[in-house]
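Here is the structure we will look at, set down as structure tokens.
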Amino acid sequence: MMRDRQKALYYFRFLALTLLIYAATACSVSSSIGSRWQEKLKSGEDIIISQQTFQEDIDLTELLQFRPSTPGVKRAIIHSNIIFDQCNFRSFIASVKKGEELYIVEFRGDVVFSHCVFKDNVELSYCTFDREFSVSDSEFIQSFRVNNALFRGRTIYFNHAIFHKDASFNGAVFSNNTSFFKTEFRENVFFQRTSFKGNSHWGAAIFDGFAEFGNAIFQQNLHVGQATFNGRTNFSGMTVVMNADLSDTHFNRKADFSNVVFMGGANTGDAQ
């Protein structure tokens, strides 16, 4: 009996020591990544990472130096290209409200996440992206928010991305061509008052939840051919300045087209 107790005590101590070592290692890794990223971002050196898993949250608002931009807003500028391929993340944060002040990041280099997986929330609201932005073939397990963000780059890709939870693009501005080809929205998606200044391509996209496009503005061509809307859809107040292609689009539940303006005409061939 005494020997069994000694064995149990030994294993307990061994487990506790293992957990302590693991926790210390995790903290060390987190601190090390933050330190390396700070140095690279400060110097403008590119961050190019492939096939890596990040066990800790990535919060740029904790790594960068922010300066007052406008009343109530502090901004940090990143000149580096940020490129990730086949990486796994927890959360990725580039904007946050602290007290009465909003902290946001302006990305002056390319921002590319290719074949990446985000297990927690992604927060990019109010951020500015001056060059290429792409999350093609990436997967978002929790919420994705780019509300009121400004995309100035020539290419903006969400192709083949999968959003498992709500995705919110309210008030965002896309200055050039945007592509959501074969993008999947498994729950709700919001594009209320969103502005698309270039051509917008949504071919074969899938919307499983509620899709909100109320008062969105498409200043060039809108292509939604072969897209599928499985949930309710609201297009009320939407404006398309050039041509709208809705051919072979499937609406499996009610779609509200009240007060929609197709200034260049609309092709609705075989839309259902």
Side-chain angles (χ1 to χ4, degrees), residues 41 47 57-64 66-67 69-84 89 91-98 101-114 116 118 120-136 138-140 142-159 161-163 165-180 183 185 188-202 205 211-220 222 238:
L41 294 174
I47 294 179
D57 299 328
I58 305 298
D59 188 347
L60 297 182
T61 67
E62 298 292 336
L63 298 178
L64 304 174
F66 289 79
R67 293 186 174 87
S69 174
T70 57
V73 177
K74 288 190 174 181
R75 182 186 303 268
I77 297 175
I78 294 178
H79 295 273
S80 310
N81 293 315
I82 298 178
I83 301 173
F84 294 95
F89 297 87
S91 66
F92 192 94
I93 308 298
S95 68
V96 68
K97 189 74 177 292
K98 297 180 181 180
E101 292 185 313
L102 178 64
Y103 290 74
I104 59 176
V105 177
E106 178 177 346
F107 298 87
R108 295 198 173 168
D110 295 341
V111 177
V112 177
F113 296 95
S114 177
C116 293
F118 295 83
D120 212 330
N121 300 329
V122 174
E123 181 59 78
L124 304 173
S125 297
Y126 294 96
C127 291
T128 299
F129 302 90
D130 290 333
R131 293 179 57 181
E132 178 181 346
F133 178 89
S134 175
V135 293
S136 290
S138 291
E139 195 168 353
F140 300 88
Q142 297 298 326
S143 66
F144 176 89
R145 291 187 292 266
V146 289
N147 296 320
N148 300 294
L150 174 58
F151 296 85
R152 291 174 172 155
R154 286 189 174 185
T155 53
I156 306 158
Y157 295 120
F158 295 87
N159 299 335
I162 300 175
F163 297 88
K165 297 295 184 180
D166 289 0
S168 186
F169 300 76
N170 290 333
V173 176
F174 297 93
S175 298
N176 289 291
N177 296 340
T178 307
S179 182
F180 289 85
T183 303
F185 298 97
N188 306 318
V189 60
F190 303 92
F191 289 93
Q192 194 169 34
R193 303 180 312 279
T194 304
S195 177
F196 299 86
K197 296 185 177 182
N199 295 321
S200 190
H201 185 62
W202 302 74
E212 170 66 83
F213 288 87
N215 298 301
I217 300 177
F218 295 86
Q219 297 185 11
Q220 297 293 326
L222 168 62
M238 184 180 78

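- In this model, no donor atom of one side chain and acceptor atom of the other lie less than 3.5 Å apart for Ser143 and Asp166.
- Under the 3.5 Å distance criterion, the side-chain polar atoms of Asn177 are left unmatched by any main-chain donor or acceptor of Arg154.
- Nearest heavy-atom pair across Asp110 and Glu132 is OD1-N, 3.3 Å.
- The pair Lys98-Glu62 meets the salt-bridge criterion, since a charged nitrogen lies less than 4.0 angstrom from a carboxylate oxygen.
- Side-chain contact between Ile47 and Leu41: present, with at least one pair of heavy atoms (C-beta onward) separated by less than 4.5 Å.
- The six-membered or imidazole ring of Phe133 lies near that of Phe158, with a centre-to-centre distance under 6.0 Å.
- A donor-acceptor contact closer than 3.5 angstrom links the side chains of Ser91 and Asp57.
- Taking the six-membered ring for Trp and the full ring otherwise, the centers of Phe180 and Tyr157 sit at least 6.0 Å from each other.
- Put simply, the residue from Asn170, Asn148, Asn147, Ile104 that forms a side chain to side chain contact (heavy atoms under 4.5 Å, CB included) with Ser125 is Asn147.
- Ser114 places none of its side-chain heavy atoms less than 4.5 Å from the side chain of Phe84.
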Intermediate values then yes/no, ring pair (Phe, Tyr, Trp, His ring centres under 6.0 Å), Phe144 and Phe118 = CA-CA 9 Å; Phe144 176 89; Phe118 295 83; 8.0 Å; no

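- Screening Thr155, Asn199, Asn159 for a side-chain hydrogen bond (donor to acceptor under 3.5 Å, both in side chains) involving Ser179 leaves a single residue, Asn159.
- Residues Gln219 and Ser195 are in side-chain contact: their nearest non-hydrogen atoms beyond the backbone lie under 4.5 Å apart.
- Taking all atoms of both residues into account, the shortest heavy-atom contact from Ala94 to Leu60 is CB-CD1, 4.2 Å.
- Scanning both residues, Phe174 and Thr194, for their nearest heavy atoms gives CE1-CG2, 3.7 Å.
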(message) Go through it in stages, so that I can follow the logic: the residues are Met238 and Asn215, the test is side-chain contact (heavy atoms from CB on, under 4.5 Å), and I'd like the CA-CA distance, side-chain angles, deciding distance and then a yes or no.
(response) CA-CA 4 Å; Met238 184 180 78; Asn215 298 301; over 6 Å; no

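- Aromatic ring centroids of Phe89 and Phe113 lie under 6.0 Å apart.
- Taking 4.5 Å as the limit, every side-chain heavy atom of Glu123 sits out of range of all side-chain heavy atoms of Val146.
- Residues Ile77 and Arg108 have side chains in contact (heavy-atom distance under 4.5 Å, counting atoms from C-beta outward).
- A donor-acceptor pair under 3.5 Å is formed between the side chain of Asp59 and the backbone N or O of Thr61.
- Residues Val189 and Glu212 are not in side-chain contact: their nearest non-hydrogen atoms beyond the backbone lie 4.5 Å or more apart.
- Ring geometry, Phe163 versus Phe185: the interplanar angle falls under 30°, so the pair is classed parallel (tilted spans 30 to 60°).
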